[in-house]
Structure formats: structure tokens, C-alpha cells
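Okay, structure first, notes after.
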Amino acid sequence: MDDFNLQSKTKLGIRTGKEYLEGLRDDRNIWMHGKKVDDVTKQDGLRRCAETLATFLDNQHHPKYISDLTYVDDDGDRCAIAFQIPMSKEDVKARGKSYYEWAKWSNGYFGRTPDYKNASVMSFAAATSFLEKGIKGQGGKAMAQNMLNYYNYARKNDKVLTHTLVNPTYNHQQGYKGKFSEKVALQVVKETDKGIIVNGARLLATLGPLADEIEVFPSTVLKATPDNIPFAFAFAIPLATEGLRLICRDSYDLGKSNFDAPLSSRYEEMDAVVIFDNVLVPWERIFMYGEPELCNPAFGETNAVVHMMHQVACLKLAKSEFMVGLMCSIVQASGRDKDLYTKGLIAEVMQMTESIRALLFSAEEQAHKDQYGNFIPLRYPLETSRNLYPRMYPKMIEILQILGASSLMATPSEADFSNEISDDVEKYFQLTNLGSKDRVGLFRLAHDVAISGFGSRQALYERYFFGPPALMASSYYDLYKKDDLIDRIDNFLKQ
Ligand SMILES: Cc1cc2nc3c(=O)[nH]c(=O)nc-3n(C[C@H](O)[C@H](O)[C@H](O)COP(=O)(O)OP(=O)(O)OC[C@H]3O[C@@H](n4cnc5c(N)ncnc54)[C@H](O)[C@@H]3O)c2cc1C
């Protein structure tokens, strides 16, 4: 780490990594590998990802990044730029620059960096007039104020958020019709003077065990029927809330060295199913309540989905660029970079990368004022990007497997370079343009992308994290401006 000032802050605003790690040491109820986790910052399988995120938070203070990643608010507090409400096209572009910088630190493999959720919280706070409509005009003002207060709390304390937007499916036919199951879905079971009591499950909280707070919001794409009142709400609570339990999948960080597992040793951000066992949600933490018709369009109407898609497009650009770099390195190592077929395969990935870049450019260049007087990037290019990437990324993985072939399996471990078979490894693993150790390191990286448990989870993440692709495509179709195009056909036929 460079020698820059990481003293504990005296004013509110961006936190240091140390402060983040200290904040995780609370009585959160996390279950992994059949056992309750004592301390997520010491738990194998979680610990190293927390440490990675801590270094990212420290980066915010670095002289190289501080002006691009933070802003000083009216109170003189330095906060993360994703929290800044954009008031101009330049502000939108500055957000994009900051997202892209964050993304490059992990080459897009840390999917849930805090800027993603910060963008969403900012959007809801910037659109409080939408929330004011809540409770048919009765309680909405208070809830809008709750949202503003929460935004300032998260912003001034640099909180790391996760979110859970989806109820588990019990019956797909009912689910497709927008009905949630009382047996499994998260629902309000009681109101008290302190707040609401909720019971049930939600999926899936990426980074859940390593977040400070969890947002429990309606889905961005799944629409509930108007009678789904007990299931309609938006709130945020600390991870260490009584009755809240996270059940993790197996960790893909198996304790290997950075050489042996370059990605999974650093970016295992974990996903967890979230159980609410009669959890009290205080009134002041509730932002929407009891109105499915308000919840259904919330992410669209507040433009939160637009700002989240903006962050995601920047992340996917960094990830795609990384894939191009990785593939070119692989083929250059063995001199296959002159081969027509090989170049054609990689050119396809280059074209996908440039498509994301062009969509991002288009969205930022056409940034415009929204209905609340703030600025947003143009929605269509970002919608296009979020609909394309779930198909692009698995295609990139397929191409990487085709390019890598058995080299993805010819991957001795770091220890084999210093034990009694090290001569074998040095001799038989070299390539025309790469020594053995560098070749093994390169293909171990490719293995972590294309073959490992970590890599497979990444592919699944790209397919699903933003919602079911079928529903995203259907909503894309609905949003698309089609009328003029249909008229053109009509007019042509009438000629
Ligand atoms: C790695 C990973 C991380 C995730 N992280 C988060 C997170 O942090 N927060 C969060 O809230 N969620 C998260 N998700 C969950 C994500 O939102 C869901 O996976 C997604 O919404 C799909 O829901 P589902 O998994 O229940 O699939 P299902 O609803 O069971 O869908 C299964 C299949 O049915 C199709 N389908 C669904 N509905 C319809 C329909 N009406 N008509 C036709 N076909 C349909 C889908 O396209 C899909 O192919 C994550 C998912 C993954 C895989």
C-alpha cells in the first residue's frame, strides 16, 4: 500500500478499510458450511474478500483516485461520488469514470462493489416526490423523509449495502402471474407502534455476509398483483438485526494462494439466502409499505434502475476488456495469434467489448434531465447492454474454453515450482513465448475465469443477477419506441 494518510477520519464521509472491517465485527447471524460464523473477518472463505473490499475503500483516499471517486458535500464531508445527485451531463460522466475506476481494480470480478447500491440509494433519495405518493397520500411524506434520512446516513457513513429483491419461488405458474407464496415469501405478519414484523425468506444477497446494511426492496422486473399487500414494502436494516439470518452457499475461496487461484482468492463475494424470523423493522427504516402498485414501478419511476445499469455497464466494460487481454495473452504465448480462426474467435469478444463501450458512450452523451430535475444517462442503450450481457458473457467463456483447451487442465500448483518435481514443471510447461511459471500463472487465471467454481458462479451471476432474462427482454420490448416503426410498415403497404 502506498504511503498515504489512512488515519481514522475525523469528519463524516468515506471510510478506511480498517473502519469497514471493524464494522463487520458485530453479532450478525451468518451460516456457512453447516456452522454459524463467529467473525466474518476471520472466517476462511469470507475473510479474504472482506480484505479486498477494505483495500478498495482505502483506495478512495489515495491521491491518485480521491478527486475522481469522491466529492465534498455542502457540509464539507467527503463522500463517495456514486451518492452525488447528478445535476448535469458532466456529473453523469463523472459517475461513469468513477464506476469504471472501481471496476478496473477487480477487472469486473467483484460484482457488488458498493457503488452499485450507492447509486440506487441516491436515485430513491433524488426522487422523493415519487415516494410521497405512498399510502395513497397518507404516510408517503414520512416515508419519503425516511428515504432521505437513510440516504444521508448511508452516504455520510460510507455504508456497504447489499440488497435482496426477489421472493423464493414456490410455484412457478403462480410466480409468473405475480403471486407470492405465503409459505416461503417475505411478508408482514404484524404491525406494532415500533414498526412492522416480517417473516419469510428472500434471495439472494450477494456480498450479504460482508455488508453493513441490507436493502429489502421490490423487484426491478417482477411485478406483484394489486392484492399482494403483505408482500409489498421497501426497507433497509443493519445485517446485525435480531431474527435476521443469512444462509451462505459453499465458498469458492478454498484458501489457495493468489498464484494458484488469482480470482477466487480475492473476489469471493458470496451469495446468501436471507431468512427473516419475526424481524422488527422500525417505521423510520420503511420507505414504501402496503402498496404493490407503488412498489411495482419503483425502480423504473425513480430511475434507480437507470443509475444501476450505468454502474453495471462500466463494470461489464472492464470485465470484457479483461477477457480480450486474457485471450490475446494466451494465444500470443504459443504463437497462435497469427491463426485466422483464432483471430476470428477473439475478434468476436473484441466486438462485444466495443458494443458495450459504444452503448455506454451513447447513454452518457445523451444524458438528460429527468422528471425530478436531476440528470440521468439515456436509458435505452443501458437497457440494451443489460439485456445483451447475459448472453455475451457465457459466449466469452465458451471462446476462452475453446482457446484454452487442455492448457486449462495443465495447471500444476505454485508449490510444484519448488518441490522435487520442479525440474519437470520448469521443462515441460514452457511455451515458445512464455516461461513455465508465467504460463502456469496465465492458465491458472484462465482456469479461474472459465472452469473453476468461482468462474461458473460468475457465468451464472451474469445470466441472472439483474433478473430473469425472459422478463428483462419482455420489459425491453414494452419500453421500446415501436409506434413510428409500425407506422412505416403501414405507410409502405399503403403506397
Ligand atoms: C449469482 C447470483 C447472484 C444474485 N445476487 C442477487 C442479489 O444480490 N440480490 C437479489 O435480489 N437477487 C440476486 N440474485 C437473484 C436474481 O435476481 C434471480 O436469480 C433472478 O431474478 C431470477 O430469479 P430466480 O433465480 O428465482 O429464477 P426463476 O424465477 O426460478 O427463473 C428460472 C427460469 O425461468 C424463467 N422465467 C422466470 N419468470 C418467467 C416468466 N414469467 N416467463 C417465462 N420465463 C420465466 C427465467 O428466465 C429463468 O430462465 C442473484 C442470482 C444469482 C444467480
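Numbering of ligands and ligand atoms starts at 1, following listing order. Note that the coordinates shown come from a computational prediction; the quantities given were computed from them, not determined experimentally.
- Listed by chain and residue number, E383, M472, A473, Y476 satisfy the side chain to side chain contact (heavy atoms under 4.5 Å, CB included) test with N387 (two or more places apart in sequence, or in another chain).
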Is there any protein N/O under 3.5 Å from an N/O of ligand 1, and what does the full list of such pairs look like?
unit_1	atom_1	unit_2	atom_2	d
ligand 1	5 (N)	T206	OG1	2.7
ligand 1	8 (O)	R112	NH1	2.7
ligand 1	8 (O)	L204	O	2.9
ligand 1	8 (O)	T206	N	3.0
ligand 1	8 (O)	T206	OG1	3.3
ligand 1	9 (N)	H163	O	3.0
ligand 1	9 (N)	L204	O	2.5
ligand 1	11 (O)	L165	N	2.7
ligand 1	12 (N)	L204	N	3.3
ligand 1	12 (N)	L204	O	3.4
ligand 1	30 (O)	H172	NE2	2.7
ligand 1	49 (O)	Y464	OH	2.9

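- You'll find the side chain of L460 stays beyond 4.5 Å of the side chain of S456, heavy atoms only.
- With sequence neighbours excluded, no residue forms a salt bridge (Lys or Arg N to Asp or Glu O under 4.0 Å) with E364.
- Within the structure, ring pair (Phe, Tyr, Trp, His ring centres under 6.0 Å) contacts touching residues 235-262 (residues at least two apart or in different chains) are F233-F235.
- K93 forms no cation-pi arrangement with F375, by the criterion of a distance under 6.0 Å to the ring centre and an angle within 45° of the ring axis.
- Ion pairing between K179 and D227 holds under the 4.0 Å rule for side-chain N and carboxylate O.
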